[in-house]
There are 2 protein chains.
Amino acid sequence: MTSNDQPGEAAYKVLARELRQAILRRRFADGVRLPTEAELAAEHGVSRQTVRRAFQDLVADGLVHRVPGRGTFAAPREGQYLRQFGSIEDLMGLSLDTSLEVLRPLRRLVNVEAASRLRLDSDTVYTVVFRRLHEGNPFCHTAVHLHPAAGSALADVRTLATPGATSDATIIGLLDDRLPAPIAEAEQSITAAAADAPLAEALGCPPAAPLLRVDRTYLTTDGQPVELAVTHFLPEQYSYRIKLKRGLG
Amino acid sequence: MTSNDQPGEAAYKVLARELRQAILRRRFADGVRLPTEAELAAEHGVSRQTVRRAFQDLVADGLVHRVPGRGTFAAPREGQYLRQFGSIEDLMGLSLDTSLEVLRPLRRLVNVEAASRLRLDSDTVYTVVFRRLHEGNPFCHTAVHLHPAAGSALADVRTLATPGATSDATIIGLLDDRLPAPIAEAEQSITAAAADAPLAEALGCPPAAPLLRVDRTYLTTDGQPVELAVTHFLPEQYSYRIKLKRGLG
DNA sequence: CGTTATTTGTGCGTATGTATT
DNA sequence: AAATACATACGCACAAATAAC
């Protein structure tokens, strides 16, 4: 800091907010270059590093995109919308106050669809079916299909092999300790579905009741899919909350 | 750069990747402090600034959390999961190939629940109901409730005032150009619901069919809620896809 | 086709502020 | 009060990509 600063708020944050507003108000038309780092530094009486720090936030928010040698550009208006932000605890704060109850133990069996979604050559996967309870009440039902390597890695987990057994484990947590490469990302798809007979029984809801269906494919750092989880949630006891932040096209 | 650098890959990126792997593999137990910036700088033969740059990425990914004066900590294992990432075009790529058809025109009316969710003092909001079509087929039904200021700002929009009128507009797009402060973020909640009679008719599905229900509250940069949208999607023609990245607890 | 100017990317050193222990 | 550790800010140097000449 120079000398006469009142660091109540960081200079780069002030600049970032100012630029954010200007971009959201479309002061910079699509494809038009924003002022250069040097220009902004001069205008605002800060160093180029401070300008860069502000742009880092805007890039992280997806509001601008930068090209060396060319400049900085506002995210294209085309399809510009709101970007996912924040955490996913609401959905996955599962192992906290919940317990897992095995309905069908982990077993190796043929499942062409699951195998294909895991991008396997063979047709066999390892499958375990369970439900989760919160204070004794079931609120979701999950079928997990595993890559054979992942499935055999879990073969020795007692609680997954025993029908009716309960624990507070998560599959991803178990895999983490047993796979050579850690799980790094997932692809998720959310939709709605009617409860079929087994689902209705497991969840204690009327048949054909509307459920929230979440399909998730987990990938290791190598990009190898290792787990496919299909979960049905009771909507009364559950909703998926997200915060969205503006930016990106 | 000093002199003997081979800038094939930035030093801070190498360090960031190394730390990322170590954290995902839980080399640092919950609540344990990571090495300080100075220690990492010395270990890796880089400057403290470079270490900071690496940590910036990890913070952005939600993998670590830092406290001035105390240190840097891996995201708590408890509930550690996958973090939202990527864009939301799949959900909101609406105005592209779709058209909006007004079912009930924009009008001012009393709605206690909507007013309270918009944090209004009064009980009256502006409401418009429409559905969206893709290639002539309806795929979602939306009721939009607006803050009075926002509602009156849209009072002159012909296509919202006319039942049966179609357009390719989005409410947020219309508001953007008419509100003093731009819309910056939204809070969203996703659940499942059964189709009631009006929904079934508007969407052409059987009554009690399962639908994906998305409630969204839009906020301006001031944090003022201006729009509440309740949308029901046909699951057959629609699913909400997200990519998740590891990190955060 | 190379040269040059512009613009962003990376890296280091230093100084000072602030929060925690 | 002192030591520790992260946060902010400035300055400088050079690299790399781009565009214009």
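What you see below is based on every heavy atom in this structure, not just the backbone, and it leaves out hydrogens, waters and symmetry mates. Throughout, protein chains are lettered first and strands after them, A, B, ... in sequence-line order, and every chain is numbered starting at 1. These figures come from a predicted structure and were not determined experimentally.
- For the pair A/Lys13 and D/dT8, the criterion of a side-chain N or O lying under 4.0 Å from OP1 or OP2 is met.
- Within residues 45-53 of chain B, the residues that place at least one heavy atom under 4.0 Å from DNA chain C are, in residue-number order, B/Val46, B/Ser47, B/Gln49, B/Thr50.
- Using a 4.0 Å cut-off, some side-chain N or O of B/Thr72 falls inside it from OP1 or OP2 of D/dC6.
- Whole-Å rounding puts the B/Phe73 CZ to C/dT21 P distance at 8 Å.
- A straight line from CD of B/Glu39 to P of D/dA5 spans 6 Å, rounded to a whole angstrom.
- Rounded to whole angstrom, the span from the CG atom of B/Leu34 across to the C1' atom of D/dT4 amounts to 16 Å.
- Summarising the geometry, the separation between CD on A/Gln56 and P on C/dT8 is reported as 14 Å, rounded to the nearest angstrom.
- Atom CZ of A/Arg178 has more than 12 heavy atoms from other residues, nucleotides or ligands within 6.0 Å.
- In this structure, CZ of B/Arg33 is placed 12 Å from C1' of C/dT20, rounded to the nearest angstrom.
- If you measure from atom OH of B/Tyr12 to atom P of C/dC12, you get 13 Å, rounded to the nearest angstrom.
- Atom CG of A/Leu40 is separated from atom C1' of C/dT8 by 13 Å (rounded to the nearest Å).
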Pairs under 3.5 angstrom, nitrogen or oxygen only, protein versus nucleotides 17-21 of chain D, please.
| unit_1 | atom_1 | unit_2 | atom_2 | d |
| --- | --- | --- | --- | --- |
| D/dA19 | OP1 | A/Arg70 | NE | 3.4 |

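- Across all strands shown, B/Ala11 has heavy atoms under 4.0 Å from sugar-phosphate atoms exclusively, and none from any base.
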